[in-house]
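The structure under discussion appears below in the form of structure tokens.
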Amino acid sequence: MRYIQADDFSLRDTVESGQTFNWIEKEAGYISTDLGQVVYVEQRKNRLYYETSHHGPDLRGLFRLDDPLTEIQKEIVRDDTMRASVDFAPGLRIVSNPFYPCLISFICSIRKNIPTIKSIMQSFRDRFGPTYQFRGEQLKGFPSPEQVAEASPKDLRGLGLGWRADFVYKTTQAILQDDVSEAMLREMEYEAAHKKLKTLHGVGDKVADCVCLFSLGFLEAFPIDVWIERVIQDKYGILSSAGKSYAKKSRAAREYFGKYAGYAQEYLFHYTRMGNQYRSI
DNA sequence: CGGCAGGGAGGCC
DNA sequence: GGCCTCCCTGCC
């Protein structure tokens, strides 16, 4: 296998911290079929070995290996809770997910836990996705908006989406009509992109921030879900005192942690979920 | 089995 | 803006 150098990086912490649903554990590494091809990656110390079905993937971009992690961590560590969170998984980086699969996965995440979301994503691949050949076997990739649009809301409900089926249907229609596109969002500032994303059905404050951070690279986005909300209540009076609304707390987090607030959120999220250890700080 | 989750829409004020 | 209710589904 070919490899690239990957310093200050943990593949496992990065893909298993709830920010991506595009990587599936396989052998000693992870495989993704949601990148327009099949990509297998495996970390051995500071090297990222990989194998693909087609052209070379931009692994440095996908895992944001060129983000100045030392500087980022120095910037966001402003208290003991964040110190412990960063020390817990110092190789955790924000991912750069493919836009449409990311959007759909976080719409489907509403009131669903991570295993269920992974299962739904696989159903999308099995039912509507393209087929790739890899190492002599056939694998299904995540479908394009065009492929999902061939399904009716009723078909989508069959995937276990429930009332989220209408969200997926309407959002896919909006993407196909170019009401919202990845290109236009990437030309915007964070606030404008967040606002634009919320015009999509099923995309509120939290889902919009997840797409901003985990796909579009707006590192200042600070998604607040119930886990982060608990941390804020328990450890960050400075944020909860900013107000009760999502917008106020999220803005306060950007002011407190700075331009890399998204990294702060992800370190907190991962640390908190891996055993509620923040309680003992 | 009743209750409850890793949000958002739509209606209301 | 803030608050309220409803929403599928799986799981305890």
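Fair warning: this is a prediction, and the values are worked out from it, not measured in the lab. First the proteins, then the strands, lettered A, B, ... as listed; each starts at 1.
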Exercise. Could you say whether A:Lys198 or A:Phe269 is positioned toward the 5' end of DNA chain B, judged by the nucleotide with the nearest heavy atom to each?
Key: A:Phe269

Self-check item: Which residue lies more 5' along DNA chain B, comparing A:Lys170 with A:Val226 via nearest heavy atoms
Solution: A:Val226

Quiz item: C:dT9, B:dA9, B:dA5: which one has an atom nearest the side-chain heavy atoms of A:His201?
Solution: B:dA9

Practice problem: Please determine, for the side chain of A:Phe167, which listed nucleotide (B:dG7, C:dC3, B:dA9) has the closest atom? | Solution: B:dA9

Practice problem: Compare side-chain N and O positions of A:Ser245 against OP1 and OP2 of C:dG1 and report whether any pair is under 4.0 Å apart. | Solution: no

Self-check item: Any A:Lys248 side-chain N or O less than 4.0 Å from OP1/OP2 of C:dG2
Solution: yes

Quiz item: Just by modelled atom types, is the A:Gly129 backbone N or O under 3.5 Å from a matching donor or acceptor in the A:Lys140 side chain?
Solution: yes

Rounded off to whole Å, could you give me the [atom1]-to-[atom2] distance for the [X] and [N] pair?
X: A:Arg111; N: B:dA5; atom1: CZ; atom2: C1'; answer: 5 Å
X: A:Arg164; N: B:dA5; atom1: CZ; atom2: C1'; answer: 10 Å
X: A:Trp227; N: B:dA5; atom1: CH2; atom2: P; answer: 12 Å
X: A:Trp163; N: B:dA9; atom1: CH2; atom2: P; answer: 9 Å
X: A:Leu159; N: C:dT9; atom1: CG; atom2: P; answer: 11 Å
X: A:Asp209; N: B:dG7; atom1: CG; atom2: C1'; answer: 13 Å
X: A:Arg157; N: C:dT9; atom1: CZ; atom2: C1'; answer: 11 Å
X: A:Leu156; N: C:dC8; atom1: CG; atom2: C1'; answer: 14 Å

Self-check item: Aromatic ring proximity, centroids under 6.0 angstrom, A:Tyr267 and A:Phe88
Solution: no

Practice problem: Could you tell me if the ring centre of A:Phe214 sits under 6.0 Å from that of A:Phe106? | Solution: yes

Exercise. For A:Tyr236 and A:Phe257, run ring-ring contact (aromatic ring centres under 6.0 Å, His included): C-alpha distance rounded to whole Å, both residues' side-chain angles, the deciding distance at 0.1 Å, then the answer.
Key: CA-CA 11 Å; A:Tyr236 288 97; A:Phe257 291 115; 5.6 Å; yes

Exercise. Classify the side-chain pair A:Asp155/A:Ser152 by whether it contains a donor and acceptor separated by less than 3.5 Å.
Key: yes

Quiz item: What does A:Ile117 touch in the nucleic acid at a heavy-atom separation under 4.0 angstrom: a base, only the sugar-phosphate, or nothing?
Solution: nothing

Quiz item: Which base, if any, makes a Watson-Crick or G-U wobble pair with C:dC8, both distances under 3.5 Å?
Solution: none

Quiz prompt | Whole-angstrom distance between C:dG10 and B:dA9, as gauged at atom C1' | solution = 22 Å

